[in-house]
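The first residue in the sequence is number 1, and the count goes up from there. Read the numbers this way: they start at 1 and go in the same order the structure lists the ligands and their atoms.
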Amino acid sequence: MFKHVTDAPFVKDYAKIANDGYSRGWHERNGGNLSYRIKSAEIESVRPLLDFSKEFVPIGATVKNLKNEYFLVSGSGKFFANIKGDEENNIAIIEIDDSGENYRILWGLESGGRPTSELPAHLMNHSVKKDATNGEHRVIYHAHPVNSIAITFVFPLESKVISHLLWEMMTECPIIFPQGVGVVPWMVPGGEEIAIASSELMKKFDAILWAHHGVFCSGVDFDLTFGLMDTIEKAAEILVKVQSMGGIKQTITDDGFRELGKAFKVNVNEDYLN
Ligand code: 13P
Ligand code: ZN
């Protein structure tokens with residue numbers, strides 16, 4: 001049992017990753033959002049500090065398999081730069097109701113506000129990943145990393161093309177995201193439509209690019225999810241540099257990717273190899 005919600009390790013880990021993302025330059029102003037599906041022992045460790053008196057309000061999506069689950073989420077319009085050290089005012093613990101259609105705030109956003117405008121996308125992605133990974137994935141992370149956005153203006157918005165290019169940029173990429181990355185065409189953010197498009201792709205991928213906007217990653221814990229974002233963004237940065245130096249002159253072969261898969265015991269997506 002903790003004296004303050006902010007003493008709980010899951011809140012500290014959340015704030016650390018938010019701050020790391022900010023330090024990387026991925027969160028201008030209020031850009032990006034982060035959500036964590038809280039474990040039952042973790043919610044018990046802070047339960048006496050939660051306020052169960054607020055009304056439930058609609059999520060804007062239906063997530064039946066997340067009913068009665070608890071999430072730690074960033075606030076809409078809140079700056080990632082401010083999360084660490086001022087958690088109470090910038091993030092919130094929310095509870096999903098019995099129908100999977102509504103949520104209420106139990107802690108946080110003390111000076112007012114509501115969860116991220118991308119809450120439908122976060123919760124629909126959590127819903128898909130909870131099923132697809134037998135409950136292992138708990139983190140959904142959206143950021144605005146420069147190079148990952150830049151490449152969506154230049155290369156075809158096709159998952160196969162972009163995944164293959166990113167794999168080529170750094171030998172460990174096909175090991176870290178062997179399935180590749182999904183690509184969502186440009187859409188208005190913050191609504192159900194982009195949430196549905198994203199969650200469809202999350203059935204297959206752990207990371208998706210939102211054209212001209214940013215990246216969504218899913219993972220087991222904060223480190224792995226952040227690490228996936230970091231790897232994709234670094235590969236995208238190399239791609240921008242390679243393109244700026246005149247383009248690819250030599251690269252890793254597809255048989256090279258197959259050998260990597262064997263050596264590191266991962267299934268590199270054969271549909272994306274030639
Ligand atoms: P929020 O401030 O509502 O989280 O929105 C930021 C963002 O990145 C929208 O895609
Ligand atoms: Zn965004």
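Taking every heavy atom of His142 and a limit of under 4.0 angstrom, the matching atoms of ligand 1 come to 8 (O), 10 (O). The atoms of ligand 1 that sit less than 4.0 Å from any heavy atom of His144 are 8 (O). Interface of Glu118 with ligand 1, defined as ligand atoms under 4.0 Å from a residue heavy atom, comprises 9 (C), 10 (O). Close approach of ligand 1 to Asn33 is summarised as follows: ligand atoms under 4.0 Å from at least one heavy atom of the residue are 1 (P), 4 (O), 5 (O), 6 (C), 7 (C), 8 (O), 9 (C). Each of the following atoms of ligand 1 lies closer than 4.0 Å to a heavy atom of His213: 10 (O). In summary, the atoms of ligand 1 found under 4.0 Å from a heavy atom of Asn30, numbered by their order in the structure, are 1 (P), 2 (O), 5 (O), 6 (C).
Residues Phe153 and Ile151 are members of one and the same hydrophobic cluster, defined by side-chain heavy-atom contacts under 4.5 angstrom among Ile, Leu, Val, Met, Phe, Trp and Tyr.
Contact annotation: for Thr116 versus ligand 1, heavy atoms closer than 4.0 Å belong to both the backbone and the side chain.
Ionic pairing of Arg47 and Glu44 is present here: one or more N-O contacts between side-chain nitrogen and carboxylate oxygen are shorter than 4.0 angstrom.
Polar contact with ligand 1: present for Gly32 (N/O pair, distance under 3.5 Å). Among the atoms of Trp210, none of the N or O lies under 3.5 angstrom from an N or O of ligand 1. At least one N or O atom of Gly77 sits closer than 3.5 Å to an N or O atom of ligand 1.
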Residue pair Trp107, Tyr70: steps toward the ring-ring contact (aromatic ring centres under 6.0 Å, His included) verdict
CA-CA 11 Å; Trp107 171 88; Tyr70 301 84; over 10 Å; no
Assess the residue pair Phe79 and His27 against the criterion (ring-ring contact (aromatic ring centres under 6.0 Å, His included)); give the C-alpha distance rounded to whole Å, side-chain angles, the decisive distance to 0.1 Å, and a yes or no.
CA-CA 8 Å; Phe79 292 19; His27 300 286; over 10 Å; no
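Residues Leu166 and Phe177 meet the side-chain proximity criterion, which asks for heavy atoms closer than 4.5 Å. Here the side chains of Gln179 and Tyr272 are not in contact, with every heavy-atom distance at 4.5 Å or above.
If you run side-chain hydrogen bond (donor to acceptor under 3.5 Å, both in side chains) between Tyr36 and each of Arg138, Glu42, His122, His126, only Glu42 comes through.
Using the six-membered ring where Trp is involved, Tyr141 and Trp26 have ring planes that are tilted, between 30° and 60° apart.
Selection from Ser74, Pro115, Gly75, Ser117 by nearest heavy atom to atom 3 (O) of ligand 1 gives Ser117.
For the Zn ion (ligand 2), the nearest N, O or S atom contributed by His213 is named NE2.
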